[in-house]
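Below is one structure, written out as structure tokens; the observations come after it.
One-based numbering along the sequence shown. Excluded from the calculations below are hydrogen atoms, water molecules and symmetry mates; all remaining heavy atoms, backbone and side chain alike, are included.
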Amino acid sequence: MKVTSAILFLASTIAGTASACVTVVQEGPPIVAPSASNLQLSGAVGTQATLTLSGLQKGWNFSNGGLGSPQYCTGQWLNIVNGSKPWKKLVWGSTQQTTTWRTGYNADLTAKKTASYNETSNFLACSPSYPTFAPQMSVFLLTDDTVALPTVTDDVLGDINPASCVKTKLHIQPL
């Protein structure tokens, strides 16, 4: 009897809210970087996208040219920060600003052509310049395949070790 009351209370509470979202717990495949030791895409709202041993695995939302997580009740979106450098910072935001991702399960993440750069599925992954407890790399969209890997840091790359940078793809594993 008490369980039924609690369920009805929860259902009526959710139904009474204007933007209710019932979180569906669903595991999904990670996005891996094959040239960066198969590290996985991770991060949280307000942070730069990183590659770690255990990344986001709650399914992916590909709607409107975006890449969001989790699949249902999406709370964070991968956004490209515009800039003049051939590597663009990738940040997690609470709203979808980038609508030029082309992707899906069992596919490489690709940024479609814009006025600033051609279509690309190449990324730059760089370790931080300080020691970390577990492997971690910052990840950037690489918009010019002909450019040499960075030898010094800049305002976009931030606190990375340029000697650690590798070109990689970001592959979304199959369901």
Side-chain angles (χ1 to χ4, degrees), residues 3 6-83 87-114 116-126 132-143 166-175:
V3 173
I7 292 171
L8 289 175
F9 173 74
L10 178 61
S12 65
T13 302
I14 291 171
T17 59
S19 60
C21 182
V22 178
T23 302
V24 176
V25 178
Q26 175 182 343
E27 292 297 312
I31 297 177
V32 298
S35 300
S37 303
N38 280 323
L39 292 176
Q40 300 175 5
L41 185 64
S42 61
V45 171
T47 66
Q48 181 172 351
T50 56
L51 299 171
T52 59
L53 287 175
S54 181
L56 300 169
Q57 296 183 30
K58 300 289 184 195
W60 299 100
N61 182 339
F62 307 120
S63 63
N64 302 318
L67 178 68
S69 178
Q71 181 175 2
Y72 302 105
C73 302
T74 303
Q76 61 188 50
W77 295 91
L78 187 62
N79 293 309
I80 303 167
V81 177
N82 291 325
W87 32 81
K88 311 288 185 227
K89 190 176 278 192
L90 300 174
V91 297
W92 291 103
S94 59
T95 59
Q96 180 183 4
Q97 296 171 352
T98 298
T99 58
T100 55
W101 292 120
R102 182 172 50 83
T103 195
Y105 289 106
N106 200 25
D108 290 336
L109 181 61
T110 301
K112 293 190 273 187
K113 181 180 179 176
T114 69
S116 304
Y117 52 84
N118 290 323
E119 181 171 292
T120 183
S121 60
N122 293 312
F123 294 84
L124 183 67
C126 305
T132 58
F133 176 73
Q136 175 181 321
M137 301 181 95
S138 296
V139 63
F140 306 86
L141 178 67
L142 189 57
T143 58
V166 295
K167 291 181 182 179
T168 190
K169 303 283 186 189
L170 292 179
H171 186 78
I172 301 168
Q173 301 286 29
L175 277 173

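One distance of note links CD of Gln71 with SG of Cys73; it measures 10.5 Å at 0.5 Å rounding. Gln97 CD to Asn82 CG: the interatomic distance, rounded to the nearest 0.5 Å, is 9.5 Å. The line from CG of Leu124 to CG of Leu142 is 6.0 Å long, rounded to the nearest 0.5 Å.
Trp87 is not listed as a side-chain neighbour of Leu141, based on a closest heavy-atom distance of 4.5 Å or more. Side-chain contact check for Leu170 versus Leu51: some heavy-atom pair is nearer than 4.5 Å. Side-chain contact check for Met137 versus Val166: some heavy-atom pair is nearer than 4.5 Å. Side-chain contact between Lys88 and Leu90 is absent, with no heavy-atom pair separated by less than 4.5 Å.
Every residue two or more places apart in sequence or in another chain that forms a side-chain contact (heavy atoms from CB on, under 4.5 Å) with Thr98 is listed here: Asn79, Ile80, Thr100, Trp101. Asn64 pairs by the side chain to side chain donor-acceptor pair (under 3.5 Å) definition with nothing, not counting sequence neighbours. Glu119 pairs by the side chain to side chain donor-acceptor pair (under 3.5 Å) definition with Arg102, not counting sequence neighbours. Asn118 meets the side chain to side chain donor-acceptor pair (under 3.5 Å) test with no other residue; sequence neighbours excluded. Scanning for side-chain contact (heavy atoms from CB on, under 4.5 Å) contacts around Ser63 gives Asn61, Trp77, with sequence neighbours left out. Residues meeting the side-chain contact (heavy atoms from CB on, under 4.5 Å) test with Ser42, sequence neighbours left out: Thr50, Thr52. Not counting sequence neighbours, Trp92 has no partner by the side chain to side chain donor-acceptor pair (under 3.5 Å) test.
Residues Leu67 and Ile172 come closest through the heavy atom pair CD1-CD1, 4.4 Å. Heavy-atom minimum distance, Gly75 versus Val45: O-CG2, 3.4 Å. Here the closest non-hydrogen pair linking Gly65 and Gln96 is C-NE2, 3.7 Å.
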Would you list the atom pairs, donor with acceptor, under 3.5 Å between side chains in residues 29-40 and any protein atom, with sequence neighbours excluded?
residue: Gln40; atom: OE1; partner: Gly55; partner atom: N; Å: 2.7
residue: Gln40; atom: OE1; partner: Gln57; partner atom: NE2; Å: 2.9

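Listed by first then second residue, pairs satisfying ring-ring contact (aromatic ring centres under 6.0 Å, His included) with a partner in residues 29-60 number zero, not counting sequence neighbours. Applying the ring-ring contact (aromatic ring centres under 6.0 Å, His included) test to every pair with at least one member in residues 28-48, sequence neighbours left out, gives no pairs at all.
Judged purely by atom type and a 3.5 angstrom limit, Thr110 has no side-chain atom pairing as donor or acceptor with the backbone of Lys112. Under the 3.5 Å distance criterion, the side-chain polar atoms of Lys169 are left unmatched by any main-chain donor or acceptor of Leu109.
Lys58 and Ser69 share no donor-acceptor pair across their side chains, judged by distance under 3.5 Å alone.
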